[in-house]
Asker: 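The structure follows.
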Amino acid sequence: MTRALISQGPVPSAPLPAVDMSTTLGQLHLPAPMLTASGCAASGRELDQFFDITTIGAIVTKSVMANPRSGRATPRMAETPSGMLNSIGLQGPGIDRFIEHDLAWLEERGARVIVSIAGSTVDEYGKLAARLRTVRSVAGIEINISCPNVEDRGQVFACRAGSAADVVNAVRRHSDPRMPLFAKLSPDVTDIVEIVDAVVRAGANGVSVINTVLGMVINTDTMRPHLAGITGGLSGPAIRPVAVRCIWQIRQAFPQVPIIGMGGVRTGLDALEFILAGANAVSVGTSVFHDPSAPARIQVELQRALGERGFTRLADAVSHAHRPADSRAEFDDDIDFISE
Amino acid sequence: MTRALISQGPVPSAPLPAVDMSTTLGQLHLPAPMLTASGCAASGRELDQFFDITTIGAIVTKSVMANPRSGRATPRMAETPSGMLNSIGLQGPGIDRFIEHDLAWLEERGARVIVSIAGSTVDEYGKLAARLRTVRSVAGIEINISCPNVEDRGQVFACRAGSAADVVNAVRRHSDPRMPLFAKLSPDVTDIVEIVDAVVRAGANGVSVINTVLGMVINTDTMRPHLAGITGGLSGPAIRPVAVRCIWQIRQAFPQVPIIGMGGVRTGLDALEFILAGANAVSVGTSVFHDPSAPARIQVELQRALGERGFTRLADAVSHAHRPADSRAEFDDDIDFISE
Amino acid sequence: MAVQVTGQVLDIRRAGSYHVLSLTAPGITELTRPGHFVTLGIGGEESSMLLRRALAIHQVQSRGVYGGTLDIVIGVHGKGTQWLVDRRRHDPIDIVGPLGRPYVLPKEAVSTVLVGGGYGSAPLFMLAEQLRERGCRVDVILGAATEERLYGALELKRVASTLTITTDDGSLGQRGRVTDVLPAIMDASDAAVVYACGPMPMLQRVSAIATSRQAYSQCAVEEAMACGVGVCMTCVLPVIGEDGVTRMLRSCTEGPVFRGDRVRWADVGTVPSDTLGAPVGGGH
Amino acid sequence: MAVQVTGQVLDIRRAGSYHVLSLTAPGITELTRPGHFVTLGIGGEESSMLLRRALAIHQVQSRGVYGGTLDIVIGVHGKGTQWLVDRRRHDPIDIVGPLGRPYVLPKEAVSTVLVGGGYGSAPLFMLAEQLRERGCRVDVILGAATEERLYGALELKRVASTLTITTDDGSLGQRGRVTDVLPAIMDASDAAVVYACGPMPMLQRVSAIATSRQAYSQCAVEEAMACGVGVCMTCVLPVIGEDGVTRMLRSCTEGPVFRGDRVRWADVGTVPSDTLGAPVGGGH
Ligand SMILES: Cc1cc2nc3c(=O)[nH]c(=O)nc-3n(C[C@H](O)[C@H](O)[C@H](O)COP(=O)(O)OP(=O)(O)OC[C@H]3O[C@@H](n4cnc5c(N)ncnc54)[C@H](O)[C@@H]3O)c2cc1C
Ligand SMILES: Cc1cc2nc3c(=O)[nH]c(=O)nc-3n(C[C@H](O)[C@H](O)[C@H](O)COP(=O)(O)OP(=O)(O)OC[C@H]3O[C@@H](n4cnc5c(N)ncnc54)[C@H](O)[C@@H]3O)c2cc1C
Ligand SMILES: Cc1cc2nc3c(=O)[nH]c(=O)nc-3n(C[C@H](O)[C@H](O)[C@H](O)COP(=O)(O)O)c2cc1C
Ligand SMILES: Cc1cc2nc3c(=O)[nH]c(=O)nc-3n(C[C@H](O)[C@H](O)[C@H](O)COP(=O)(O)O)c2cc1C
Ligand code: FES
Ligand code: FES
């Protein structure tokens, strides 16, 4: 029964162990590892009533496009087992109003901000980057390349190494050279390592994985697709093993590339799993809908979990699951066998 | 509370509506649409104590290889939110003992059988097909191409159109020309329609979708991958929206290709969802572990759901969600608005 | 301002085909105004149901030993509402609220008509009381498919100037719909505002009737919500702004109560082509 | 032969750090033999926990008003066992059983030693009774980390010829491990069979001690199981067959009770290279 209290917010029950929670994503240094996932926190304002948004690593804002955008028709979501589908269609105010309204508020509030951008053409991405160049308060840019390319039969940029690289290239060219850029990748590809290779070569400083998995629900009453957009993106704990696998594969192939991990993180142990697999920072998306204080709560739970495992620095836990096997320590024949 | 009784087995509470449940998969006619998913029912014997295995469409047997195979080390599984990961490594007795022991029993028992085969080389698939040519009781062959190709750096056959087609080609050449062949596809590809195109051209009579989604779990106690095999296959309701999407995409592209659908089916309404999306038959995998009578129970629930929706033939419901929009019937302004 | 608290089930009782759930909700009740809603976490920690369920706040008691309690009226719809009505006394429930924009109350003591469809009567109780406190005339119309799907007629009768009931099957009150009787009731009291809560098609007609009589309408809509707090953009519908521009507004934060004449009822479920940022050509 | 039934919680009570759950289980109890186990569905219909949990059958009562009831002893391990111990009287639970191969009983009235680690004592009660009925001498050794992790010492004392207790911390009985006392107890009774249930390392040593004394050992193992009925191949361990060939055997259907001298204890968790069909070179 008392276990349900875990969702009560970030109030720790015992003193928190001293753990240096700061993290480094290439040139970007953050005092804490938890971020909001793009599209699951708007621009942070609504969540600020549930937890102090300056205590987490950064707010990653909803992907913004060049112009205002209505998004898709409803229904835009469906609940699925341990997950949900969404098909929002990138509703948003457009970059100008976003800067004036949302970014200004975030700056005043003192939150660190990673701005997520999205485009329908390579050119649009470039323009967005150029526009953001004038704004001081941007700590980093997340390039959401899981968008249909209107110039290529709606092919999603993230699904081909070439188009993914084109987008990153355009953003790199129009951004301040010191601006940290993270390419946000789709798991719906045959070989995610190949895509990472392409975006890193094109100038991404790191990657964000994973975006949603393409899914669909048929409404058994209307006997038609439930979402107005027909297909949608699957998110939530259901896809967590897919996210962990992607992070692991990328870390195996690229020991140094900064990784922002996301996909179904709900608890501090989930976040730890991502960090052990190779994530340098962890975003919380769908779990915010379940528990609006999730990012702050998870950050506290993570700190506790790290302390319990003897870590004094979060950075030491990053990629720890890749360490070489040490059979002696783990298969010790002399362990206390009646531990039950 | 009484809802929990749903898992009590296939005993119907009210008389079943009369629905012709037979289905057609190319040349293969089955009296009923529910199958067991390969690897989740062994060869049917163990489940026969929970339901009469001759009442469902067919038993799809665990993928068999040419030689006996030990499978991987343990742990071979991890529970995940609304799903599980497995990494069995195709443990099995080899084709000879399988024919003598398992197929013989199934034949005597009077069950319809689809034999799933797996190989490490294109040649192995061909040999398996040739060996099965001598066996009378095989109603169809499911070609599990989600196996690493030892001749191509462990690349999974199903992940490239070329290697997928090579396997199907080999099986086609060595099989009786009338033997129905189903290529079992992996969802872990950028474009599943391209793979379907390749396997159908290579001689598959239909496709089975989906095999498991590649995933991973890190054990936060040992801080290492939980599975001995490191990565594993994600199955269960968590992946259902991915399965529905794959079936939908394939049916959109190929109005006639027979589809065996699977991935997280737990109830009759789930099965209906697959059928509406385009599946001609539906396999039940992981749900069997939750409820060993699931295939028969779901078949009864499906029949009831079809009857409630006015269907007298299952065949009429196949692909029904693709029917052209009929706005009048659905957005009738004159509906009874206080229906609550 | 909304808060997140762990409440406790105080009581759960049947009322016709509905259930009334009483919860402790310290910190929420004090802030509640008529038309606010809460979202409840469903199924416990290991639930496969990730999304919270939105429910209108029916009544609040701010004082007492429990330091603030609230009632909600639940019509079982699917597995989440089923789980809620299966709760027992003392079970914990995670509550977020109060959420949304409440009903706007008139500054003057005008005549009002309140229209509730099914469990849509739930938020009208607090509203009726507060309107009466302001000296407003309050005529209430409740409608449902059948008698047992009416909620709270007796209690509302006490606070209302008149209560009119309609049922589709005539099992109680007048056979027909709330909108059959609304025009006459509005005319009789010369109503200036109509407050409504119920299914979308009802709201659409109520709003049209009010507008045709130069009255305001305040309609509480019910759109599927993933977050309930304004961060996900799932709960939108096309609404015309003061500037005459149609936007897809979030019903969780910019609603659930909207001015009826602003909502493009006929276009709900679509993105009208003149919406700000609407897809051009092939769509998004 | 196993069946699937919906049982009901009759009672749930604490015993040290364990919980004893009594369930109605019509149709299962009649078939149960010592060493059998059941699997229970967890979390209800909308649970995110898909897999059933395996639990040894502790006691069965075949007659009585409930038409067959069974007891299981639960040590809370994670979220599934936590859910089980949170059940209340009359809650339904989906049960499959009896499953697995039970302990093999000796044909003659030989001396036996029963060794239980922690909740591993649970299946030994029925076993002890049936061995006594056959005229066997039954010496029992129970061990645990600490006193409260011992289960059922008092009850077992009644049926055992001798009962020896060890705890790692010396809080009850002898400080140390069951295997510290096993040799002397075997020697005293000239034991022909050792029956054991407990953690893998304990089973490994019990088996080695028994073998070194030319006694049989019957060990109930605990491997993670996805299906519990033999269809998934997750629960395997390397076991040497009568033909001398090592195979990966399913502990749910070919176990959970194995002859201790057949199990390759040191290799559990691996596939020894001489296993039938073991990977050659790069692995599977
Ligand atoms: C602002 C608001 C106030 C509401 N007030 C009440 C109330 O006072 N009493 C009451 O009984 N119900 C009310 N509802 C409707 C209630 O939220 C749904 O009946 C409930 O979410 C259904 O959940 P379920 O799990 O039972 O159904 P399912 O169909 O299994 O739910 C699946 C998903 O769809 C969503 N969903 C399904 N139907 C609706 C719906 N009608 N509205 C919104 N989301 C839906 C669910 O939230 C869930 O995410 C209100 C809804 C909103 C938006
Ligand atoms: C044949 C057999 C008999 C058993 N008898 C008993 C008994 O009498 N009393 C008792 O308390 N426990 C018994 N266990 C262990 C019991 O099954 C686990 O403690 C339980 O499955 C843990 O579930 P959880 O959700 O609490 O833990 P979690 O760690 O959350 O479980 C996650 C997954 O791992 C599996 N798992 C975790 N630990 C074990 C384990 N030790 N053995 C098998 N599967 C595990 C779970 O079944 C589940 O699928 C037995 C196990 C087996 C195989
Ligand atoms: C409602 C919703 C909206 C989303 N919008 C965006 C978006 O605008 N840009 C983006 O890059 N990702 C978006 N995502 C994806 C999330 O940022 C995240 O990658 C994904 O949901 C997996 O994480 P989660 O399981 O924690 O939600 C959205 C996800 C959801 C559920
Ligand atoms: C334990 C386990 C073993 C499996 N073994 C096989 C196999 O041998 N061959 C195969 O084609 N698919 C195998 N699968 C995949 C299933 O047949 C099925 O495609 C997948 O699990 C999705 O369906 P489900 O969610 O209903 O389980 C296995 C799945 C599981 C869980
Ligand atoms: S429900 Fe998320 S924005 Fe309204
Ligand atoms: S648990 Fe499935 S075969 Fe043993």
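Chain identifiers are assigned alphabetically (A, B, ...) following the order of the sequence lines, protein sequences preceding nucleic acid strands; residue numbering begins at 1 within each chain.
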Asker: About how many Å separate CG of A:Asp291 and CZ of A:Arg297, when rounded to the nearest 0.5 Å?
Answerer: 4.5 Å
Asker: Any idea which of A:Gln49, A:Met65, A:Met84 has the most non-hydrogen atom pairs under 4.5 angstrom with chain C?
Answerer: A:Gln49
Asker: Atom CE in C:Met248, atom SG in C:Cys235: separation rounded to 0.5 Å?
Answerer: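 The CE atom of C:Met248 sits 10.0 Å away from the SG atom of C:Cys235.
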Asker: If the threshold is 4.0 Å, N to carboxylate O, is there a salt bridge linking C:Lys79 and A:Glu79?
Answerer: yes
Asker: So which residue, A:Gly39, A:Pro68, A:Ala78, ends up with the most heavy-atom pairs under 4.5 Å with chain C?
Answerer: A:Pro68
Asker: If I measure from the heavy atoms of chain C, does A:Ala228 come under 4.5 Å with its side chain, its backbone, both, or neither?
Answerer: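 Neither part.
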Asker: Which bit of A:Thr80 comes within less than 4.5 Å of chain C, counting heavy atoms only: side chain, backbone, both or neither?
Answerer: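 For A:Thr80, the contact with chain C is made by the backbone alone.
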Asker: Pick one of side chain, backbone, both or neither for C:Thr275, based on which atoms fall under 4.5 Å of a heavy atom in chain A.
Answerer: side chain
Asker: What part of A:Pro292 gets closer than 4.5 Å to chain C, counting heavy atoms only: side chain, backbone, both or neither?
Answerer: both
Asker: What residue in C:Val96, C:Val229, C:Val236 has the most heavy-atom pairs under 4.5 Å with chain A?
Answerer: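 Of C:Val96, C:Val229, C:Val236, C:Val236 has the most heavy-atom pairs under 4.5 Å with chain A.
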Asker: Taking 4.0 angstrom as the limit, do C:Asp169 and C:Arg149 come out as a salt bridge?
Answerer: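 The answer is no: the pair does not qualify as a salt bridge.
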Asker: Could A:Asp96 and A:Arg131 be called an ion pair, given the rule that one side-chain N must be under 4.0 Å from one carboxylate O?
Answerer: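 Salt bridge flag = yes for A:Arg131 with A:Asp96.
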Asker: Measuring from atom SG of A:Cys40 to atom CG of A:Asn86, what distance do you get when rounded to the nearest 0.5 angstrom?
Answerer: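 Going from SG on A:Cys40 over to CG on A:Asn86, the span is 7.5 Å.
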Asker: Using a cut-off of under 4.5 Å on heavy-atom pairs, state which of A:Gly92, A:Ala41, A:Pro81 scores highest against chain C.
Answerer: A:Ala41
